[in-house]
Amino acid sequence: MPLPKLPSKPAALLAPKDYPKAERGKTVKPHIALVEPAPVTPAAKAPAVTQPRAKISTKSPAEKPRATPKVTESRVKSTTSRTADKLGVSKLFVLDTNVLMHDPTSLFRFEEHDIYLPMITLEELDNHKKGMSEVARNARQISRSLDALVSDIAEDAIDLGIPLSKLGNKDAKGRLFFQTKLQNAKLPDGLPEGKADNQILGVVRALDQQYPERPVVLVSKDINMRLKARAIGLPAEDYFNDHVLEDTDLLYSGIQQLPDDFWNKHGKGMESWQENKHGTSYTYYRVTGPHVPSMLVNQFVFIEPKNGEAAFYGQVTQINGKTAVLQTLRDYGHAKNSVWGITARNREQNFALNLLMNPECDFVTLLGQAGTGKTLLALAAGLAQVLENKTYNEIIVTRVTVPVGEDIGFLPGTEEEKMGPWMGAFDDNLEVLNKSDGDAGEWGRAATQDLIRSRIKIKSLNFMRGRTFVNKFLIIDEAQNLTPKQIKTLVTRAGPGTKIICLGNIAQIDTPYLTEGSSGLTYVVDRFKGWSHSGHVTLAKGERSRLADHASEVL
């Protein structure tokens, strides 16, 4: 089945007109309609409001225009927020505690808009600051940032707002406001007033009544919190600044299908030659044409004509304007090119093995559903390059220890013994790789298994800080459960001669507050695309068994 064509533009460059329009008939808050847009003149001032205010000011069109955000948020913004954007009105965002603990830099990511922190938010930050978890570290970091912001501010000046650009964050043009007095707002009967979420909702309603000319929006990572806010008529939205892509269908797949007439349009003046690299002969083609600008370095391209002609599989190695160099691939589907007894069963697996076996490719990401062969291919390539080619001296395997069900509690033993229950997938794949050696006999297989075990080290993510891996083949399994900050910590551990493989399925995220768009795996796929020493392949076809394939379709 041919893959669909990639979009011509990444999500960050799509114009607003390319997105579906907002549904008509949606009601708009009456107080937003009171704000009239200012006439477009060189000396235009801020949009007129019903009451002049000293504390919070709207943005003047004469200022520097707001930078275009990386992700178009039209589908996740509230109606109030979208209306304020159209009228050019600065918003007041009330932040929930989980936003600050999820991203400690969130204070400085709201551009020209102002931020309001309820007192109960500071109380919850104080309750979560103890411990060595990621949440506790984030709570301490945001507390230090708040302390630096208020350090030299006079007590009577806090009500006027603290400039968020004070610490050098030039993109943050808004101001920070704290709750300095008790704000009484009537919430619906039945909502317990002592609960922290309901206290924040009361603050949002009080601000909404205090500033009727200003859009006040609650920002929370808690879905139920946003549902309660909308149920009582308050605008609420998710914190989406950490989303790499709003639509994961636009995520880079690493593969592009070329049109059938590609050679007719790009074959004029084409050059071809052969080179021998790593003991294999490759053919190169230098082509020029209109389709080249849509390609990326290390992207796989293929043509599978329907008229019976031979298929073409290649990889982009260089791009210069409208000229690209395409390299043919090694066919790992043939038995003579098997990797530790494993051959590629489909096109995407062949692409993946070409990346895994390429010593010039330092960073590889493999995405795919369960049963597509991600772990088996990575482990086979690692064993071949550690025990046969001696390219690397050791395989290091790690994964995020997030349980699917209930946690099994503390485990006895050493670090590797504690990680044992989490590494069942690698044990299963090692059994498959050991069975491929049918001529060695039972004793030979046992000796081979002991040798393999001695060259594979299982490490925990908890002790990665400060380490440097030299000449290692590092496999990070279940990478979709890592945050962008955690995956940065892991990838920066790489020393000279180390290759890092990230495996995962973004449809199976178990970490709280992580989504497909904000996962660390999505983050590195998007940021590393086009780098000459990295590659990515999205595996499409399951090869586990006919039972597993049928179950994934019907269940």
Side-chain angles (χ1 to χ4, degrees), residues 93-110 115-149 176 178 195-200 218-226 228 236-244 398-411 418-419 422 460-466 476 478-493 504 506 508-524:
F93 287 110
V94 181
L95 298 192
D96 194 2
T97 316
N98 49 47
V99 175
L100 299 173
M101 292 190 297
H102 174 73
D103 182 7
T105 63
S106 58
L107 279 178
F108 313 104
R109 296 184 180 271
F110 287 88
I115 292 174
Y116 189 95
L117 292 184
M119 198 56 65
I120 189 64
T121 297
L122 301 178
E123 191 73 24
E124 287 191 303
L125 280 176
D126 187 64
N127 293 336
H128 288 88
K129 68 181 182 182
K130 297 178 182 177
M132 297 302 296
S133 64
E134 190 76 15
V135 170
R137 280 192 289 269
N138 290 346
R140 291 193 293 269
Q141 181 178 340
I142 194 66
S143 297
R144 287 191 292 268
S145 298
L146 291 173
D147 179 59
L149 284 169
L176 173 65
F178 290 96
K195 193 173 181 182
D197 286 0
N198 298 335
Q199 292 184 41
I200 295 176
L218 171 67
V219 180
S220 175
K221 298 291 293 180
D222 188 347
I223 296 176
N224 291 327
M225 176 80 156
R226 300 199 300 268
K228 284 198 292 186
E237 56 192 50
D238 189 9
Y239 174 70
F240 41 74
N241 200 282
D242 60 337
H243 287 204
V244 181
T398 186
R399 63 167 289 176
V400 189
T401 53
V402 178
V404 176
E406 292 294 327
D407 203 344
I408 59 177
F410 292 100
L411 298 171
K418 290 177 186 292
M419 291 293 295
W422 302 99
S460 171
L461 289 174
N462 302 330
F463 312 107
M464 289 294 184
R465 253 185 225 283
I476 305 172
E478 303 293 343
Q480 78 275 1
N481 287 322
L482 291 166
T483 65
K485 185 177 178 182
Q486 289 172 327
I487 208 158
K488 176 186 176 182
T489 302
L490 285 175
V491 176
T492 52
R493 301 302 100 210
I506 57 174
Q508 294 180 344
I509 295 179
D510 303 314
T511 304
Y513 299 132
L514 270 191
T515 62
E516 295 181 1
S518 60
S519 167
L521 185 56
T522 308
Y523 179 71
V524 292

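Remember, it's a predicted structure, so these values are computed and weren't measured experimentally.
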* **Phe178: which of Thr121, Ile115, Leu117 passes side-chain contact (heavy atoms from CB on, under 4.5 Å)** => Leu117
* Asked: Are Asn98 and Met225 close enough that some pair of their side-chain heavy atoms sits under 4.5 Å apart?
  -> no
* To do: Answer whether the closest heavy-atom distance between the side chains of Lys228 and Asn198 falls below 4.5 Å.
  => yes
* Closest heavy-atom pair and its distance - Thr522, Gly517 -> CG2-O, 4.2 Å
* Which value, rounded to the nearest 0.5 Å, describes the distance between Ile506 atom CD1 and Asn481 atom CG? -> 12.0 Å
* Asked: Parallel under 30°, tilted from 30 to 60°, perpendicular over 60°: which one fits the rings of Phe110 and Phe93?
  -> tilted
* Asked: Hey, what do you get for CD1 (Ile200) to OH (Tyr116), rounding to the nearest 0.5 Å?
  -> 11.5 Å
* Asked: How long is the span from the OG1 atom in Thr105 to the CD1 atom in Ile142, to the nearest 0.5 Å?
  -> 8.0 Å
* To do: For the residue pair Ile476 and Leu482, establish whether any side-chain heavy-atom pair is separated by less than 4.5 Å.
  => yes
* Indicate the atoms forming the closest heavy-atom contact of Ala136 with Gly131, along with that distance. => CB-O, 3.5 Å
* Please tell me if the side chains of Tyr239 and Arg109 come closer than 4.5 Å, counting only heavy atoms from C-beta onward. => yes
* To do: Give the C-alpha distance, both sets of side-chain angles, the deciding distance and a yes or no for side chain to side chain contact (heavy atoms under 4.5 Å, CB included) between Leu95 and Leu107.
  => CA-CA 9 Å; Leu95 298 192; Leu107 279 178; 4.2 Å; yes
* Structure fact -> Nearest heavy-atom approach of Pro104 to Asn138 is CG-OD1, 3.5 Å
* Separation between NZ of Lys488 and CZ of Arg493, rounded to the nearest 0.5 Å -> 10.0 Å
* Are any non-hydrogen side-chain atoms of Met101 and Leu125 less than 4.5 angstrom apart? -> yes
* **Closest contact, heavy atoms only, Leu514 versus Ser519** => CD2-CA, 4.2 Å
* Asked: Which value, rounded to the nearest 0.5 Å, describes the distance between Lys485 atom NZ and Leu490 atom CG?
  -> 13.0 Å
* Asked: Do the side chains of Thr515 and Ile509 get nearer than 4.5 Å, heavy atoms only?
  -> no
* To do: Step by step, work out the side chain to side chain contact (heavy atoms under 4.5 Å, CB included) result for Thr511 and Gln480.
  => CA-CA 9 Å; Thr511 304; Gln480 78 275 1; over 6 Å; no
* Determine yes or no for a side-chain-to-main-chain donor-acceptor pair under 3.5 angstrom, with Ser143 supplying the side chain and Ala139 the backbone. => yes
* Structure fact -> Heavy-atom nearest pair, Leu100 first then Ser106, reads CD2-OG, 3.5 Å
* Shortest non-hydrogen contact from Ser518 to Pro484? -> O-CD, 3.5 Å
* Could you give the distance from NZ (Lys221) to CZ (Arg226), rounded to the nearest 0.5 Å? -> 7.5 Å
* Taking NZ, NE, NH1 and NH2 as the nitrogens, is one of them in Lys129 or Asp126 under 4.0 Å from a carboxylate oxygen of the other? -> yes
